[in-house]
2 protein chains.
Amino acid sequence: MTPDSQSSADRMPTIRDIAEIAGVATSTVSRALSNPQRVNARTREKIERIASELHYVPSSQARGLSSGRTGVIAVLVPDITNPFFFDIIRGTQHQLKASGYTQLLVDTEEATDVELDTLRKLRRSTDGAVLAASRLTDQQLADTALRQPLVTINRATADAPTVLIDTPSAVVQALEHLASFGHKSVVYAAGPTSSWSNHRRWKAIEEAAAKRGMTAMRIGPYAPTAFSGAAAADAALSTGATAMIAFNDLLAIGMLQRFHERGVRVPLDVSIVGCDDMFGSDFCNPPLTTIASPVEQAGRVAVSMLMAQLDPIHGGTPRKLAVMPTHLKIRASTGPARG
Amino acid sequence: MTPDSQSSADRMPTIRDIAEIAGVATSTVSRALSNPQRVNARTREKIERIASELHYVPSSQARGLSSGRTGVIAVLVPDITNPFFFDIIRGTQHQLKASGYTQLLVDTEEATDVELDTLRKLRRSTDGAVLAASRLTDQQLADTALRQPLVTINRATADAPTVLIDTPSAVVQALEHLASFGHKSVVYAAGPTSSWSNHRRWKAIEEAAAKRGMTAMRIGPYAPTAFSGAAAADAALSTGATAMIAFNDLLAIGMLQRFHERGVRVPLDVSIVGCDDMFGSDFCNPPLTTIASPVEQAGRVAVSMLMAQLDPIHGGTPRKLAVMPTHLKIRASTGPARG
DNA sequence: AAACCGATGGCAATCGCTTGCCGTTGGTTT
DNA sequence: AAACCAACGGCAAGCGATTGCCATCGGTTT
């Protein structure tokens, strides 16, 4: 320790210190720093100079306490280890930083009550929240939206703005793709029951399959993890279907691994389509045909919609819904149906 | 909107509301809630009951302002999209939640100045920080450690407790493994120059290779991304080495993809060893032989070391260093040397 | 019985910043 | 020249907790 380690670690400067040096009132310092056009340019410059010399950093606590705004936005994801959400997180992170907000990331562990609880606890300390793939019920969501600014991703609701990834329309492409390879039956490995996208995907498959005269079956639900893929693979195989669509890539990759173990050849014996085009889908074996979408952008858009909600004046027309396009990305896990 | 939506969203209850109902002073409420043994059991129970009826949630802002503690720990990672850090994040997240802290995740984008800047800004609003793979210089680290409680992961320094992942010792195993396959020369695809682990790994390789009479070469630096793998692969190939070790799995997987494109067969033509055993290393093609370590646990340990630093009384003996074991995980990307 | 004492609860000062309200000041308008 | 007005700064009251200090009180110790 250097002799002056004490003094340098002493105490963080406050607006009062600045005010004293500048010979003005603290209110002026406060305004100069957070409402620049409210004070004379000369005064402001002087204050800014002193502030930077002192390495002044405003206390977000104090600021939040008196202003009511915290500058923090919570981002809730069901599973922080699912690469799909990484891209969302990256998107929200970027956009939030650009807007001067801090991101508070929370892993709700796929649990409704954790999600609800977190939201309640965080109501005070955040200005709003982005719910990615929320597991809440409509009612819970409505109640929550009443109390704090919210934007959901992949979870439509009338009570809050939503960013939707338009998977269903790409599901149609996927079925066409499979049909063109001569597949007659397809099985859907479902995700969590509480997942809204899961229902949506199945509906789309069911419908599109009917239209094309294909048989659509459904197995599951499975946890959206590679680990669950083994069970899904076995079940899928026993349906006799030659084509399968998985709730997400994680599950699909797990299935791929299981097939490999069992000596089932992909795409020779079965074709498989994932969903999300997450990290890893391009380098697994075989590379996964999947439904890609601008996930990171979805995160960005969600944040900008939230910003618009927080500040309706500058926010432009607050959109209630944004739909992100998707497309089928054909790689090597799909091929002609077995003889 | 229901008629009473206004009133219910009205205002969050404060200790004053509780105090009024309970007929005590706010100080008593404060104590009952955060220093239970300081007030009579009966009074406490009454206050607790009222608090829960009111759905009281303490304002972390106000608490922080007056107590000086924030209940927030910052976790800084160089790249939030690198799966290696996912496990660290998960580890810190778990341990922090268990200790009643909130995790503030920050992506420093591999940039020293972002890291430094963040640390300065966050000094006020956090109680401490975990620096994963910090890119700071020794001096910067020392200065920072003087001002705020810190724990580093994979970045040794005398100024702060450190969690080290003992990759070097597994590197020796890796070289033995390669040597036993008849490889005579190995090339190391280096990571970022500012990465401390990078230096450490290269040192270990150099040394171990010398001891075994193998030739060790080094190429790079490369950004630790799959994308950079292409360049690394090409450069590695042109060295003529038959075995390669990559700074991390991300880079290794990128190399794998490039080899695939160029028709170089792994492990027939070249063998490749990654580092970290991150998500995806088990299902890439071929599955990657890599150096595995308990990354999530490293995150946990880092947090508990930080906790010990924050509260030296209950924290037990504050360890200054924890070394996590590693081991070579042999999969399919390594095999006999050609010829 | 006098002096003491630990447990309990209240008072009031802070923490650092924001903001409504008001007073000054120097320039404009009529 | 009287009346006005916008721009600028200061005053002071909070925001919601924590905490040092003190008063009270029933029970002990000598």
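Chain A is the first sequence line, chain B the second, and so forth, proteins listed ahead of strands; every chain is numbered from 1. The model shown is predicted, which means the values in this text are computed figures rather than measured ones.
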Inset, instruction - Run the numbers on A/T137 and A/Q140 for side chain to side chain donor-acceptor pair (under 3.5 Å), then give the verdict. - result: CA-CA 5 Å; A/T137 65; A/Q140 292 171 322; 3.3 Å; yes

Inset, instruction - Please test A/T108 against A/V77 for side-chain contact (heavy atoms from CB on, under 4.5 Å), starting from the C-alpha separation and ending with a verdict. - result: CA-CA 6 Å; A/T108 60; A/V77 299; over 6 Å; no

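Look at B/K121 and B/D117 and you find a salt bridge, because one of the NZ, NE, NH1 or NH2 atoms lies within 4.0 Å of a carboxylate O, short of that distance.
Applying the salt bridge (Lys or Arg N to Asp or Glu O under 4.0 Å) rule to pairs touching residues 50-61 of chain B yields B/R49-B/E53, sequence neighbours excluded. Pairs of residues two or more places apart, or lying in two chains, that qualify as salt bridge (Lys or Arg N to Asp or Glu O under 4.0 Å) and include a residue from residues 129-139 of chain B are B/E110-B/R135, B/D138-B/R155. Counting only residues at least two apart or on different chains, the salt bridge (Lys or Arg N to Asp or Glu O under 4.0 Å) pairs with a member in residues 17-29 of chain A are A/R11-A/D17.
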Legend entry - Under 4.0 Å protein heavy-atom contacts per nucleotide of nucleotides 17-28 of chain C, with B for base, S for backbone only and - for none: BBBBB-------

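Checking B/Q103 against B/T92 by side-chain atom types alone, a donor-acceptor pair falls below 3.5 Å. Side chains of B/Q95 and B/S304: a donor-acceptor N/O pair is absent below 3.5 angstrom, by distance only.
Between B/G23 and B/L65, the residue anchored closer to the 5' end of DNA chain C is B/G23, taking for each the nucleotide with the nearest heavy atom.
Scanning for side-chain hydrogen bond (donor to acceptor under 3.5 Å, both in side chains) contacts around A/T152 gives A/T162, with sequence neighbours left out. Partners of B/K320 by side-chain hydrogen bond (donor to acceptor under 3.5 Å, both in side chains), not counting sequence neighbours: none found. Shown here are the side-chain hydrogen bond (donor to acceptor under 3.5 Å, both in side chains) partners of B/R31, two or more places apart in sequence or in another chain: there are none.
Distance A/R11 CZ to C/dC15 C1': 11 Å, rounded to the nearest Å. Counting to the nearest Å, the C1' atom of C/dG6 and the CD atom of B/Q37 are 14 Å from each other.
With axes fitted over five pairs at each extremity, the angle between the ends of the helix from C/dA1-D/dT30 to C/dT30-D/dA1 is 30° (10° resolution).
First and last contacts of DNA chain D with chain B, using any nucleotide atom under 4.0 Å from a protein heavy atom and ordered 5' to 3', fall at D/dG16 to D/dC21.
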Less than 3.5 Å apart, which donor and acceptor atoms pair up between the side chains of residues 40-47 of chain A and the rest of the protein, not counting sequence neighbours?
residue: A/N40; atom: OD1; partner: A/R42; partner atom: N; Å: 2.7
residue: A/R44; atom: NE; partner: A/P36; partner atom: O; Å: 3.3
residue: A/K46; atom: NZ; partner: A/A22; partner atom: O; Å: 3.3

Under 3.5 Å donor-acceptor pairs involving side-chain atoms of residues 55-62 of chain B, not counting sequence neighbours:
residue: B/S59; atom: OG; partner: B/Q61; partner atom: N; Å: 3.3
residue: B/S59; atom: OG; partner: B/A62; partner atom: N; Å: 3.0

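At a non-hydrogen distance threshold of 4.0 Å, A/T43 from residues 41-54 of chain A come into contact with DNA chain D.
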